[in-house]
2 protein chains.
Amino acid sequence: MSGALKDAAIRVERPAKTLRELALDKVREAIVNGYFRPGVRLVERDLCAQLGVSRTVVREVLRHLESEGLVANLPNKGPIVAQLDIDEARQIYEIRGALEGMAARLCAERGSPEIVTALEESLTAIRNSYHDNDMAGVLANTSSFYQTLFNMVDRHVAWGVVNLLTVRINHLRSMTIKTERRSIEGPLQMSKIIDAIRRGDGEGAQRAAMDHVAAACAIAEAVLSTQKPAE
Amino acid sequence: MSGALKDAAIRVERPAKTLRELALDKVREAIVNGYFRPGVRLVERDLCAQLGVSRTVVREVLRHLESEGLVANLPNKGPIVAQLDIDEARQIYEIRGALEGMAARLCAERGSPEIVTALEESLTAIRNSYHDNDMAGVLANTSSFYQTLFNMVDRHVAWGVVNLLTVRINHLRSMTIKTERRSIEGPLQMSKIIDAIRRGDGEGAQRAAMDHVAAACAIAEAVLSTQKPAE
DNA sequence: TTACAGTATTTGGTAGGCCATAATACGATT
DNA sequence: AATCGTATTATGGCCTACCAAATACTGTAA
């Protein structure tokens, strides 16, 4: 009896992170925050040395990142950090628009006040981060805004897809949020999403969400087009 | 001169598929067509023997399938073939609806007659496969119908996402198309998509595409709910 | 200066081994 | 008989070392 009773409650949490997962996170981090620039070669043995792990682990990590779209594999030449071309970025924004729009509509149609509360919390966190000039915080809190949007209606698969795609445009995101326009427009558009959800206006919530990513995409394009010639 | 002249033209087409990719395809195939049932353990060393490759390759393949969602990894127990629960299937259908609806709308808005022609070709191929009772053909041609939908408007990223999700519900798909209802309804709904595209009716095309996957989802749920008790 | 041969680099792939953990079986003890 | 502890086995995680083939580099000879 003593063993069977609510043992789930006292279950010991153990880290259980394998070396592989740790290495995966490290390398993914290194790519998304620009430590490894796009196009750079990822030489297996160099990574082994830098990460302090064996080739086995490195290879599995590279395969994983490959299927995430963060690294590309040139045949007989090896893996490089994937280049992001503007068309692909546009497509990713478009997909995010479709899925986030869907999630927003579902939130509105559910009409539960907890959703509004949770989203408002995220939004104030974003505003605070903007106020503190904490750009990493803006990024993280924006993610969590959308995560609640999906989680509140139990759409974890869609959230997974969005998340997967988002890492590929991460450096674009970090550039768009730095724009002055974005720091005002962004939170405003997000509050419009919340308003529509509060009213139970599914159509409006969807449109507002799509507008929001469309605006992000437009800024990203502008930033990208001014940068390309310089490179 | 003899070596440099138009060597591109006579370039020997070599398979270039790495062993890893071959193994990946084999195992994925084995999972989607049910040779490895859901929940079954995938013991690395056994797979090595069955595939005739080394553990390195097998492990990389397993990682890849894991990130595709076809394999789940129980901590301290190893990989198993992922179980598909009904809620997840529903979510996948929903996402397909959103993305295929988007693609259909874009096709309609582009208004080029080649799209209509290509889609009609796919549709007649589907009808023929149904007529011949060739279910594998139905599946393949249905895929290619949607592939053209995405390709015609250059949305290869979205197509990749749909494709990725679709393998996870593949056995559901093969069950839904066997339904009598589906063999009539399916092509009919697809022709509605084409009609809307021909009219340039984006809204209608989107709705028709979403209806189509919604119907597929409904049948899948029906099939799944009659099966679960038996298991 | 060019062509070519040799060399280094690097991936793809293999073989085998070590260790930790989980489950199972088995034996001993109360 | 029930329980407890211990060996055994199966397996994943991880490592080292090795080889073959393709590519990139480099120095030398014509």
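All of these numbers come straight from a predicted model, not from anything done at the bench. Every chain is numbered from 1 and lettered A, B, ... according to where its sequence line falls, protein lines coming before strand lines.
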Let me know the distance between [atom1] of [X] and [atom2] of [N], rounded to the nearest Å.
X	N	atom1	atom2	answer
B:Arg41	C:dA22	CZ	P	13 Å
B:His64	C:dG12	NE2	P	14 Å
B:Asn73	D:dC14	CG	P	11 Å
A:Lys17	D:dC14	NZ	P	12 Å
A:Glu44	C:dT9	CD	C1'	12 Å
B:Glu60	D:dG13	CD	P	14 Å
A:Ile80	D:dT23	CD1	P	16 Å
A:Leu19	C:dC18	CG	P	20 Å

Determine, for A:Lys26 against A:Glu29, whether the closest basic-nitrogen to carboxylate-oxygen distance falls under 4.0 angstrom.
no
Can you tell me if [X] touches the phosphate of [N], counting only side-chain N or O atoms and a distance under 4.0 Å to OP1 or OP2?
X	N	answer
A:Arg63	C:dG13	no
B:Asn76	C:dA22	yes
A:Lys77	D:dA24	yes
B:Arg20	C:dG13	yes

How long is the span from the CD1 atom in A:Ile193 to the NE2 atom in A:His212, to the nearest 0.5 Å?
6.0 Å
Ignoring hydrogens and angles, answer whether the base of C:dG13 and the side-chain atoms of A:Arg55 contain a donor-acceptor pair closer than 3.5 Å.
yes
Looking at the base of C:dG13, is there any donor atom on it, or on the side chain of A:Arg59, that sits under 3.5 Å from an acceptor on the other one?
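Check passes, donor-acceptor contact within cut-off.
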Categorize A:Leu74 for me: base, sugar-phosphate, or nothing, with a 4.0 angstrom heavy-atom threshold over every strand shown.
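No contact at all - A:Leu74 keeps every heavy atom at 4.0 Å or more from the nucleic acid.
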Parallel, tilted or perpendicular: which describes the rings of B:Phe150 and B:Trp159, with under 30° parallel and over 60° perpendicular?
tilted
Go through the steps for B:Glu21 and B:Thr18 under the test side chain to side chain donor-acceptor pair (under 3.5 Å), then give the verdict.
CA-CA 5 Å; B:Glu21 292 171 297; B:Thr18 70; 3.3 Å; yes
Which nucleotide in the list D:dC15, C:dG12, D:dT11 gets nearest to the side chain of B:Thr18?
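Nearest listed nucleotide: C:dG12.
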Of all the choices, C:dG13, D:dC15, D:dG12, which nucleotide is nearest to the side chain of B:Val57 once you look at every atom?
C:dG13
Between B:Val53 and A:Asp46, the residue closer to the 5' end of DNA chain C by nearest nucleotide is A:Asp46
In terms of the nearest nucleotide of DNA chain D, which residue is placed more toward the 5' end: B:Arg45 or B:Thr56?
B:Arg45
What heavy-atom pair brings A:Pro38 and A:Ala82 nearest, and what distance separates the two atoms?
CB-O, 3.8 Å
